[in-house]
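Report on the structure given below.
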Amino acid sequence: MKVLVAVKRVVDYNVKVRVKADNSGVDLANVKMSMNPFCEIAVEEAVRLKEKGVATEIVVVSIGPTTAQEQLRTALALGADRAILVESADELTSLAVAKLLKAVVDKEQPQLVILGKQAIDSDNNQTGQMLAALSGYAQGTFASKVEVSGDSVNVTREIDAGAQTVSLRLPAIVTTDLRLNEPRYASLPNIMKAKKKPLEVLTPDALGVSTASTNKTLKVEAPAARSAGIKVKSVAELVDKLKNEAKVI
Amino acid sequence: MTTLVIAEHENGAIAPATLNTVAAAAKIGGDIHVLVAGHNIAAVGEAAAKIAGVSKVLVADNAAYEHQLPENVAPLVVELASAYSHVLAAATSNGKNILPRVAAHLDVDQISEIISVESGDTFKRPIYAGNAISTVQSSAAVKVITVRATGFDAVAAEGGSASIEAVSAAHDAGKSSFVSEELAKSDRPELTAAKIVVSGGRGMQNGGNFKHLYTLADKLGAAVGASRAAVDAGFVPNDMQVGQTGKIVAPQLYIAVGISGAIQHLAGMKDSKVIVAINKDEEAPIFQVADYGLVADLFEAIPELEKLV
C-alpha cells in the first residue's frame, strides 16, 4: 500500500512571533523554521505503517517555497522513500493547498494520505478535510490511533467529549492529533542517506491548479496585551482578593 | 442576507457553543436559520426553535446523520448552502470536522475560528497560537465560517419562536461508518462553558494527584482542565486539554495549578477574565499573564485554598 504524507514548513513551535510594524503579517526574517509538529507525527505514523509491513512506499509532499526542501529531506531521513515539492513562493490558503494535494493524489494514487490536523502558523485546521472532500474520500480527523485492515482503516479520533472510532473505506484521509505517536529523531546515517533519495519539484501550473483565493488578509495585529498582575503572599490573601477585589468567587 | 447555523447537539440537547454561534450570526445581521442534522432529533429541533433570534429551524432526521459523519453531513449542508450568504458552525471538534468539507465542495476558502465580526464580509481570527490577530475579508458568495465560542456572548436559549421545517434530503456516502465512542462522564460543568476552571499541569506529578483539583473544583462549581504536558504524561484524558490545539476557554476565573505557561497553553486560556497562577517556580511564564500569582508548593496551597473558599 502506498502512503502519501503531506508536510508543511512553518515557524518553529518554540518561537514567539512578532507582528510586523506595518501590520502586513508576522516577521519571519531570521526566524527558525521547522516541520509543523503535527506533520512530524504524520511522517512517523507512515514510517510505523511501513515497519509493520502495511505500507510499501511512503511519498512525502510539501507545498511551499524552495526552502521547504529542508523539511522534505527531514522526512526522507525519518523514513520516507521519495519526495515531491510543489513549489510556490506565495502564501497559499488551505483550499489552494488541498487542490494541489488532490492533483498529487490523482498522480500518485495512494491508499492512505496522512496530514497534520493543523499547521501552527495559520491554525486553520482545514486542509485534510478539504482534500478528502475534493478527492471524494472518507476522513478520519484528529487521529489518536490508526489501524489498517484489508480495504478499510479504523481511526480513533480525539473529540471534545472523549474519543470516537470510525471505520473508513480506503483510500482515505487521516489527520493526526498529538497523541497518535511520539516522532523519532533522524539518525546521522539516515540523514546522509536522505540526501540521495529522489526529490521531484513541480509547480502549480504544471499540475494545472489555480491557487486563487476568496480570502484576503487586510491586516495582522498584535493581540491585546495582558499584563502581569500582582503576587500574593498567601492563600488567605489570594482568597481575599478573589472575593473582594475581583469578585469572582 | 440569511445565515445558516449548523447546530451542535448531544444527547438530545443543544450544545452551549451553538448559542455563541447564533450570537456571531446575529452580529452579521439578517435572518438566522438553524440546521439540526441527526437521528431522532425532534426534541432538538424544538429546542433550537426557542433560541433567541432564530427565525427558521431545518430538521434533517435520518439515520445517516446520527453520528455526524462528515461524509454524509457535508453534502447535506452543501445542498442547502446556495440559499444562504453565510454558513456558520461552532469551532468544536465536530464543526472543524465537517465545515472545511463543505467549503471545499463550494470551492470557497473557509475562515476558521473567528473571534469578532467586523462586517458582513470581514472577520478577525487568531493565528500563530493567538500571538497575532488577522483581519480577513471574504469575497465568497457563501461565506463558510467556524466560530470560536469564547469570542461571542451566548444568546438566550429561550424566548424565540422559529418555524420548524423538515429536510428530506438523505445523503449516505457509504464511505465511512461509526464503530464506537468513549465519552468522558463528569458531573462537573462542561469545560468550555464553565464560569470557573481549575487546570493542572506537569506539576501535579501524577493522575492521582488531580483528586486535589477535583475536590477544589467541586467546592467552586468549577470544571477541571489540564495542560498538554499533563495529558501527554497520561495524568488525565485528552478531552481535558486546554490550549492551542485543545479546548479554548474564557471563564470568569481560571486557576492554573502547576502549569508553567507555554505559549500553546496560554493560547487556550488567556482571554479568561481573572487568571490565578499557583506554581513553585517564580520564573514560570504563567505569572506574566496572571492577575494573581502565588509562588507556593501546590500540594500545600490547594488543600488550604479548598478550606478557605
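Here is how names work: the chains are called A, B, and so on, in the same order as the sequence lines, proteins then strands, and each is numbered from 1.
Of the atoms belonging to A:Tyr13, heavy atoms from both backbone and side chain fall under 4.5 Å from chain B. Both the backbone and the side chain of B:Leu305 come within less than 4.5 Å of a heavy atom of chain A. Residue contact with chain B, scored on non-hydrogen atoms closer than 4.5 Å, involves the side chain of A:Asn154 exclusively. In this structure, chain A has no heavy atom under 4.5 Å from any part of B:Leu99. Only the side chain of B:Val276 comes within less than 4.5 Å of a heavy atom of chain A; its backbone N, CA, C and O stay farther away. With a threshold of 4.5 angstrom between heavy atoms, A:Ser234 approaches chain B through N, CA, C or O but not through any side-chain atom. Using a 4.5 Å cut-off between heavy atoms, A:Arg18 makes no contact with chain B at all. Only the side chain of B:Gln241 comes within less than 4.5 Å of a heavy atom of chain A; its backbone N, CA, C and O stay farther away. There is no contact between A:Ala119 and chain B, counting heavy-atom distances below 4.5 Å. With a threshold of 4.5 angstrom between heavy atoms, A:Val11 approaches chain B through side-chain atoms but not through N, CA, C or O. Neither the backbone nor the side chain of B:Ala296 has a heavy atom closer than 4.5 Å to any heavy atom of chain A. Contacts between A:Ala98 and chain B at a heavy-atom distance below 4.5 Å are absent for every atom of the residue. Interface residue A:Ser227: only backbone heavy atoms are found under 4.5 Å from chain B. Contacts between A:Ile159 and chain B at a heavy-atom distance below 4.5 Å involve backbone atoms as well as side-chain atoms. For B:Ala140, the parts lying near chain A are the backbone and the side chain together; criterion is any non-hydrogen pair under 4.5 Å. Only the side chain of B:Thr122 comes within contact range of chain A, with heavy atoms under 4.5 Å apart. When heavy atoms are compared at a cutoff of 4.5 Å, B:Lys247 approaches chain A solely by way of its side chain, counted from C-beta outward. When heavy atoms are compared at a cutoff of 4.5 Å, B:Ala173 does not approach chain A at all. For a residue to count as touching a neighbouring chain, one of its non-hydrogen atoms must lie under 4.5 Å from one of that chain's; by this rule B:Ile302 does not touch chain A. If you measure heavy-atom distances from B:Glu71 to chain A, the contacts under 4.5 Å come from the side chain alone. Only the side chain of B:Ile263 comes within less than 4.5 Å of a heavy atom of chain A; its backbone N, CA, C and O stay farther away. Proximity to chain A is absent for every atom of B:Asp121, based on heavy atoms less than 4.5 angstrom apart. Heavy atoms of B:Leu183 lying under 4.5 Å from chain A belong to its backbone as well as its side chain.
Nearest heavy atoms, B:Lys273 versus A:Val248: NZ-CG1, 4.3 Å. Nearest heavy atoms, A:Val232 versus A:Leu238: CG2-CB, 3.9 Å. Nearest heavy atoms, A:Glu182 versus A:Arg48: O-NH2, 3.1 Å. The two residues A:Ser135 and A:Lys102 have their closest heavy-atom pair at OG-CD, 3.6 Å.
Summarising the geometry, atom CG belonging to B:Leu253 is positioned 5.0 Å from atom CD1 belonging to B:Ile196; distances are rounded to the nearest 0.5 Å. From A:Asp177, atom CG reaches atom CG of B:Asn238 across 7.0 Å, with rounding to the nearest 0.5 Å. Rounded to the nearest 0.5 Å, atoms CD (A:Gln139) and CD (A:Gln129) are 5.5 Å apart.
Using the six-membered ring where Trp is involved, B:His67 and B:Phe178 have ring planes that are parallel, under 30° apart on the 30 and 60° scheme.
Most heavy-atom pairs under 4.5 Å with chain A: of the set B:Lys307, B:Gln244, B:Lys270, this distinction falls to B:Gln244. Note: B:Arg125 leads B:Gln252, B:Arg125, B:Glu300 in heavy-atom pairs under 4.5 Å with chain A. Per-residue heavy-atom pair counts under 4.5 Å with chain A were compared for B:Ile111, B:Thr245, B:Leu69, B:Val289, and the maximum is reached by B:Thr245. For the set B:Gln110, B:Glu181, B:His105, B:Lys96, the count of heavy-atom pairs under 4.5 angstrom toward chain A peaks at B:Gln110.
Judged by the 6.0 Å distance and 45° axis criteria, A:Lys117 is positioned over the aromatic ring of A:Phe142. Stacking of A:Lys231 on the aromatic ring of B:Phe287 is recorded, both the 6.0 Å distance cut-off and the 45° axial limit being met.
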Requested in this report: Evaluate the criterion salt bridge (charged side-chain N to carboxylate O under 4.0 Å, His left out) for residue pair A:Lys233 and A:Glu237; output intermediate values, then yes/no.
Outcome: CA-CA 7 Å; A:Lys233 290 191 175 56; A:Glu237 189 189 349; 5.4 Å; no

Query raised in the report: Going through the checks in order, is the salt bridge (charged side-chain N to carboxylate O under 4.0 Å, His left out) test met by A:Lys99 and B:Asp107?
Result: CA-CA 10 Å; A:Lys99 286 178 179 175; B:Asp107 196 22; 2.7 Å; yes

**Report entry** Residue pair A:Arg179, B:Asp232: steps toward the salt bridge (charged side-chain N to carboxylate O under 4.0 Å, His left out) verdict
**Finding:** CA-CA 7 Å; A:Arg179 259 70 61 177; B:Asp232 281 358; 2.9 Å; yes

Query raised in the report: How far apart are the C-alpha atoms of A:Arg226 and B:Asp291, what are their side-chain angles, what is the distance that settles it, and do they pass the salt bridge (charged side-chain N to carboxylate O under 4.0 Å, His left out) test?
Result: CA-CA 9 Å; A:Arg226 186 165 188 128; B:Asp291 298 285; 2.7 Å; yes

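Side-chain contact of B:Thr135 with B:Gln137: a donor-acceptor pair under 3.5 Å is absent, judged by distance alone.
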